[in-house]
Amino acid sequence: PRVNGYSGSAPRGFAAVADRFNEWPSVDAEALANELGLRYIILHGGVEQGVPALGEPAQEEVVRAAVALGYEATPFGEDWLIVRW
């Protein structure tokens with residue numbers, strides 16, 4: 001299951017979920033991640049489909065917080081794969 005949908009479609013209730021996850025790794029977003037059994041997060045940098053994504057300083061802040069929560073973070077170009085085992 002995907003939290004944010006696939007190929008341009010989004011699941012019912014996605015807007016509310018997105019609002020909570022946009023604050024990740026907040027306590028509220030982390031609780032939702034646990035509730036949904038979330039294991040993988042793709043953190044986009046650079047430009048994604050013509051839209052500026054997170055800049056390097058913001059990415060580094062999110063990655064540090066994720067690692068502190070026990071996630072593993074691996075860079076892939078301008079993006080990061082963040083995994084919770």
Side-chain angles (χ1 to χ4, degrees):
R2 290 177 177 86
V3 172
N4 66 332
Y6 180 74
S7 289
S9 67
R12 250 181 250 114
F14 174 69
V17 169
D19 286 344
R20 287 176 71 184
F21 276 132
N22 279 336
E23 300 298 321
W24 188 83
S26 70
V27 171
D28 189 42
E30 187 61 13
L32 180 58
N34 288 330
E35 178 184 322
L36 295 174
L38 187 74
R39 289 196 46 214
Y40 303 98
I41 298 168
I42 306 297
L43 182 63
H44 291 291
V47 176
E48 182 65 29
Q49 298 179 357
V51 178
L54 288 179
E56 283 187 43
Q59 280 187 9
E60 290 171 6
E61 183 179 327
V62 170
V63 167
R64 273 194 304 276
V67 169
L69 287 169
Y71 289 83
E72 180 180 294
T74 305
F76 286 92
E78 295 179 310
D79 303 327
W80 288 84
L81 171 62
I82 300 174
V83 180
R84 174 176 33 192
W85 301 104

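Both backbone and side-chain heavy atoms feed into the values below; hydrogens, waters and symmetry mates do not.
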Task: Spatial distance of atom CD1 (Ile41) from atom CZ (Phe21) [nearest 0.5 Å] - done: 7.0 Å

Open item on the list: Assigning hydrophobic clusters by single linkage (Ile, Leu, Val, Met, Phe, Trp, Tyr; side-chain heavy-atom cutoff under 4.5 Å), is Trp85 placed with Ile42?
Closed with: yes

Report all side-chain donor-acceptor pairs from residues 59-69 shorter than 3.5 Å, counting only partners two or more places apart or in another chain.
{"from": "Gln59", "atom 1": "OE1", "to": "Trp80", "atom 2": "NE1", "distance (Å)": "3.1"}
{"from": "Gln59", "atom 1": "NE2", "to": "Leu54", "atom 2": "O", "distance (Å)": "3.3"}
{"from": "Gln59", "atom 1": "NE2", "to": "Glu78", "atom 2": "O", "distance (Å)": "3.0"}

Open item on the list: I'd like to check the salt bridge (charged side-chain N to carboxylate O under 4.0 Å, His left out) partners of Asp19; sequence neighbours left out, ordered by chain and number.
Closed with: none

TODO: Give the minimum heavy-atom separation between Ala33 and Tyr71, together with the two atoms involved.
DONE: CB-OH, 4.3 Å

TODO: Would you indicate whether the side-chain heavy atoms of Leu43 and Asp79 approach each other to under 4.5 Å?
DONE: no

Task: Minimum side-chain heavy-atom gap Thr74-Phe76 below 4.5 Å - done: yes

- [ ] Locate the shortest heavy-atom distance separating Arg84 from Leu38; write the atom from each residue and the value.
- [x] NH2-O, 2.8 Å

